[in-house]
2 protein chains.
Amino acid sequence: MQDAEVEPGRHDALGVLDGLVGYHLRRASSVFASDFGRAVGGDGLRQVPFAILSVIAASPGIRQGAAGEALGIKRANMVVLINELVEAGHVDRRAAEDDRRAIALVLTPKGRTTLENATARLTEHEDELLADFTAGERDMLIGLIRRIEAREQPPAD
Amino acid sequence: MQDAEVEPGRHDALGVLDGLVGYHLRRASSVFASDFGRAVGGDGLRQVPFAILSVIAASPGIRQGAAGEALGIKRANMVVLINELVEAGHVDRRAAEDDRRAIALVLTPKGRTTLENATARLTEHEDELLADFTAGERDMLIGLIRRIEAREQPPAD
DNA sequence: TATTGTTATACTCTATAACTATA
DNA sequence: TATAGTTATAGAGTATAACAATA
């Protein structure tokens, strides 16, 4: 069994990288990120601001810090992102009732429609991207990914 | 069946986001990225340079452009990354034999040991991160992710 | 003292356009 | 003309440290 020369086409071109789950997750994530841009990027909506809109819609009046925590976004970075969403007319800041340091976030009507339209288009795009997945495979995929997410280590902060 | 009030703990805190595969891939990818830092970040090695080392090791003498293409890295960005790896003593540039415009990349002995050590530690870390996955589940995961990677759209460039 | 939000700043990755030298 | 590499630059996400206001 000699001359096992492998043509460096497709797989083995990556070397040890091909055996690492982290690398494949990174590339797959990038595929969805590009698709996100094709789906709603024309409206200037990006992944992170969209995620923030979704979290606020799910918990109206949520505090800025809690919203960031749900998404793994640091407080310092939330400030700029919320500023952007407020200036775009998607989010309103309100004073938190019980804590005068805190800020409660709510969606504006514009923010709600932006979220709804983007969600519809994103769902279409994801369905297309996963067109050759059976429902079972798709559930399996999400289930496996969720178990990885659960392994997240809390940041030192 | 009333009073189906859902406590906003864990899942529903994300809203529509929770139903999008792209979001979960992004977070899972981030979990592995953080773990990469814990595994080999102390040595100053990052995900992208590590990936480049792996590709060069798999195809010694590969051209700079081909290495970037295998990893989805644009030519302009490869320049800086290769500069960094050369200055770190991990990579040597050689003239391509048949094309005087091109550059052939090879690993130095130091680059090889860096790659080997990092790979060993990364494999350990991935095994730990995926400790509660059966071998079948792990194969299933990689298989599903690869099918997503295959959906990548070529950049306009 | 601890927490919420803020400012300033730096690093990494990615993207585009214009340039050179070779082909 | 087209391609391989380069330079310059900008955008986006993330990270840390220091600060003010409030708890």
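We name chains A, B, ... by the order of the sequence lines, and we start the count at 1 in each one. Remember, it's a predicted structure, so these values are computed and weren't measured experimentally.
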*Map A/Ser34 and A/Gly65 onto DNA chain C by nearest heavy atom, then report which one ends up closer to the 5' terminus.*
A/Gly65
*How many Å lie between CG on A/Asn77 and P on C/dT9, as a whole number?*
15 Å
*Check every atom of D/dG13, C/dT14, D/dT6 against the side chain of B/Val48 and return the nucleotide holding the closest atom.*
C/dT14
Could you list the donor-acceptor pairs under 3.5 angstrom formed by side chains in residues 31-46 of chain A, with sequence neighbours left out?
{"from": "A/Ser34", "atom 1": "OG", "to": "A/Ser30", "atom 2": "O", "distance (Å)": "3.2"}
{"from": "A/Asp35", "atom 1": "OD1", "to": "A/His125", "atom 2": "ND1", "distance (Å)": "3.2"}
{"from": "A/Asp35", "atom 1": "OD2", "to": "A/His125", "atom 2": "ND1", "distance (Å)": "3.2"}
{"from": "A/Asp43", "atom 1": "OD2", "to": "A/Arg121", "atom 2": "NH1", "distance (Å)": "3.4"}
{"from": "A/Asp43", "atom 1": "OD2", "to": "A/Arg121", "atom 2": "NH2", "distance (Å)": "2.9"}
{"from": "A/Arg46", "atom 1": "NH1", "to": "A/Glu84", "atom 2": "OE1", "distance (Å)": "3.3"}
{"from": "A/Arg46", "atom 1": "NH1", "to": "A/Glu84", "atom 2": "OE2", "distance (Å)": "2.5"}
{"from": "A/Arg46", "atom 1": "NH2", "to": "A/Glu84", "atom 2": "OE1", "distance (Å)": "3.3"}

*asked:* Taking salt bridge (Lys or Arg N to Asp or Glu O under 4.0 Å) as the definition, give me every residue that meets it alongside A/Asp139, ordered by chain and number, with sequence neighbours left out.
replied: none
Please list, pair by pair, any protein nitrogen or oxygen found under 3.5 Å from a nitrogen or oxygen in nucleotides 21-23 of chain C.
{"from": "C/dT22", "atom 1": "O2", "to": "B/Arg101", "atom 2": "NH1", "distance (Å)": "3.3"}
{"from": "C/dA23", "atom 1": "OP1", "to": "B/Arg100", "atom 2": "N", "distance (Å)": "3.0"}

_Closest to the B/Ala76 side chain, choosing from D/dT16, D/dG13, C/dT16_ = C/dT16
_Rounded distance (nearest 0.5 Å) linking atom CD1 of A/Ile62 with atom CD1 of A/Ile103_ = 13.5 Å
*Atom of B/Gly61, atom of B/Ala104 and distance for their closest heavy-atom approach*: O-CB, 3.4 Å
*Spacing between B/Leu45 atom CG and C/dT12 atom P, to the nearest angstrom*: 12 Å
*asked:* Measuring from the side chain of A/Ala102 (C-beta onward, heavy atoms only), which nucleotide among C/dC13, D/dA15, C/dG5 has the closest atom?
replied: C/dG5
*To the nearest Å, how far apart are B/Arg94 CZ and D/dG5 P?*
14 Å
*asked:* Take a 6.0 Å sphere around CD of A/Glu69 and say whether it holds more than 12 heavy atoms from other residues, nucleotides or ligands.
replied: no
_Checking the side chain of A/Thr108 only, and the main-chain atoms of A/Gly89 only, is there a donor and an acceptor separated by less than 3.5 Å?_
yes
_Nearest-nucleotide 5' precedence on DNA chain C, A/Arg26 against A/Asn83_ = A/Asn83
_Charged N-O contact under 4.0 Å between B/Arg138 and B/Asp127_ = yes
Provide a list of protein-nucleic acid N or O atom pairs under 3.5 angstrom, restricted to nucleotides 18-20 of chain C.
none

_Length of the CD1-P vector between A/Ile103 and C/dT3, whole Å_ = 18 Å
*For D/dA12, does OP1 or OP2 lie under 4.0 Å from any side-chain N or O of A/Gln47?*
no
_Rounded distance in Å - CD (A/Glu69) to P (C/dT3)_ = 11 Å
*Considering only side-chain heavy atoms of A/Gln64, which listed nucleotide, C/dT16, C/dT6, D/dG5, is closest?*
C/dT6
_Counterpart residues, salt bridge (Lys or Arg N to Asp or Glu O under 4.0 Å), relative to B/Arg101 (two or more places apart)_ = B/Asp99
*asked:* Rounding to an integer number of Å, can you tell me how far B/Ile82 CD1 sits from D/dT6 C1'?
replied: 13 Å
*Please determine if A/Arg63 and A/Asp98 form a salt bridge, counting it only when a charged side-chain N lies under 4.0 Å from a carboxylate O.*
yes
_In this structure, how many angstroms lie between the C1' atom of C/dT6 and the CZ atom of A/Arg63, rounded?_
17 Å
*Nearest whole angstrom, please: distance from the P of D/dA12 to the CZ of A/Phe50.*
18 Å
*Of all residues at least two apart in sequence or in a different chain, which pass the side chain to side chain donor-acceptor pair (under 3.5 Å) check with A/Arg27?*
A/Tyr23, B/Glu152
